[in-house]
Amino acid sequence: MNHRSGFGVQVLLLAALYLFLYGPILYVIYVSFQIDSIWPFPPTLTLEHHTDLWQRRDYHAALWNSVTIGFGTGLIATLFATLAAMAILKYRSPGSGLVAGLFLAPLFIAPILIGISSLMFSRTVLGMPGSIFGATLANSTYATAFALLVVLAQFARYDWRLDDAAMVFGARPWRTFWEITLPITWPAMLGAFIVSFLLAFNNLEISFYNLGATPTLPTLAWGALRHGISAELYALAAIINFAVFALFTVLYLLLRLGTIRID
Amino acid sequence: MSDCMLRLQSVTKRFGTTMAAESVSLEVGQTELFALLGPSGSGKTTLLRIIAGLDAPDEGRVLIGGRDVTRLPPYRRGIGMVFQDFLLFPHKTVAENIAFPLKMQGKSRAETADDLKWVSQLVRLTGLEERYPHELSGGQKQRVALARGLVSRPSLLLLDEPLANLDRELRKRMEVEIRRFQLELGIPFIYVTHNQEEALTMASRMAVMREGCLEQIGDKLALYHRPATAFVAAFLGSPNTFEGDVVGVEDGRAEIAWHGHRFWSRAHDGLAPGLRAVCYVKSEKIAFASSGAALAGRLRDTIFKGQYADYLVCLDDGHEITVSAAPDLCHRPGEAVGITWAADDGDAFPAVGKE
Ligand SMILES: Nc1ncnc2c1ncn2[C@@H]1O[C@H](COP(=O)(O)OP(=O)(O)OP(=O)(O)O)[C@@H](O)[C@H]1O
Ligand SMILES: [Mg+2]
């Protein structure tokens, strides 16, 4: 086979794949800057939708609620996932597989079921009305499973005998974690935090059932959809995508500059 | 032992169906360099991990300085250890790695600096302090591991094959130095190796391990010259093996018939006339003899080893025997030679598993 034509095919495939992944997102960003969002051709640029969105107070509250739920879930899920992964891999025992399985099982439960059942549980058993706190806890049950997957994948490559070495040289368990385990494996925990933050931030079903009238970005957007796709939803999607791109660019630059090392 | 520092009392450890340690009892004195020798998988690392507190024994007790530490976690035992695959902390520099035990002891900056300087000179690491482990050669890593084990002047130092990755010259030098540290520090070293020369060079006493059991334990010369079991006899030195029939046993000696030849050797438990026996004779204990030789053959080849040579003697009936002797004996290939050894230089054991 001709080497160069093979190369051309690869480039084409790659371009097609990227178009598939990013086409819809780029389209949304494009539309958010157009006056006519139903048929945005030919292009007529405007910032109107973005300024409209900025003035909608309910979106501010929703953003704040989403960030709170995302952060809370990120912290809880990362903490639980780290502890669970250490139990499974560091203190390996015949029951480790079962322990891991029970932690990962929520992956197979539809989020909407988690939403409904956690609401009923906190209402009936705990007597708690829906709240941000309840929504964070309910999101954490789901996100912990994903976070555990991320942490397990990285911890599986960690040599736990380094912890043994630290203990022989006088480090107590906490000190061992702080001096050895954490500095080497923190990218796993950062990854778990980002994944569970995004899951909770973007979550509709679980948050919706647990929050009632309190808005988050997804529940507000979902509510707005009932009146057709309004232009400010395009602006919202565009801004969130920008934020995510910005975050990844910063992470990438930090990695390149060597401030963060992932070995 | 009056100055016993470490005592293991029938320590047993199983991994599933594997017996990694089987009723191991051991005493190591205050100023001893004790070698633990055994083939791969015989349970040497497991035993060290039990002493360090990293694995709990299924049965038995561990005593350090007379105190029962069986249930004590590793960080309370005050032991130093040099791990088989170094286990240097990858995110810490050489200096931080070596200083880690001092940091855990809460030593002051000045004390740490003094100890670092002392130990870096001792293991010749000066100038590498700011490097990270992945920037070091295998031998340098090993020396960092050694320094980290020594630096806190522990009450007991466990060394798991600490010289396995060094070149010959550095190994010879480190062997001498490890012995010197041990004398200077006045603490017991438990030195694990599967290299018998290393064990024989460095140790005062040693034990040979096999499949989780201590086969024999004692003075290194006793183990070498007076093996108590067939395994030890076969494992130490490079012995010739003769499997034959016991003709007679008397006075602690046995007469063995081997392919039409007969010779005497020291008899171990369980030998009786008519049984099969395996007799081990170390190659350097066999000598060339011009008259009165026990066996006759021809020299097939000479393998020059430096300080000595291995002479491969092919007996008239086709069996081959190795004789180690001075390299300058002027025997030529094809030359007829006679060989002999003293009765006390052979060790005969009952043959097992072959009826
Ligand atoms: N964590 C473990 N789980 C299961 N089996 C183990 C474990 N650790 C050791 N073993 C087994 O116990 C036996 C002794 O192992 P050990 O590591 O102590 O051998 P060793 O004498 O140090 O060998 P080497 O010279 O190769 O280092 C081996 O059969 C090994 O497979
Ligand atoms: Mg080992």
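Note that the structure is a prediction, hence the values are computed from the model and not measured. By convention in this document, chain letters (A, B, ...) are assigned in the order of the sequence lines, proteins followed by strands, and residues within each chain are numbered from 1. All heavy atoms count here, side chains included; hydrogens, waters and symmetry mates do not.
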Of the listed B/Q105, B/R77, B/K103, the one with the largest count of heavy-atom pairs under 4.5 Å with chain A is B/K103
Should B/P90 and A/L162 count as side-chain neighbours, where that means a heavy-atom distance under 4.5 Å? yes
Part of A/D159 lying under 4.5 Å from any heavy atom of chain B: side chain
Suppose we call two aromatic rings close when their centres sit under 6.0 Å apart. Are A/F193 and A/F71 close by that rule? yes
Is B/L158 close to chain A through its backbone or its side chain, or both, or neither, when contacts mean heavy atoms under 4.5 Å? neither
Axial cation check for B/F89 ring with B/R148, 6.0 Å and 45° limits: yes
Counting only non-hydrogen atoms closer than 4.5 Å, does A/R175 touch chain B with its backbone (N, CA, C, O), its side chain (CB onward), both, or neither? side chain
Just by distance, do the side chain of B/K107 and the backbone of B/S152 share a donor-acceptor pair under 3.5 Å? no
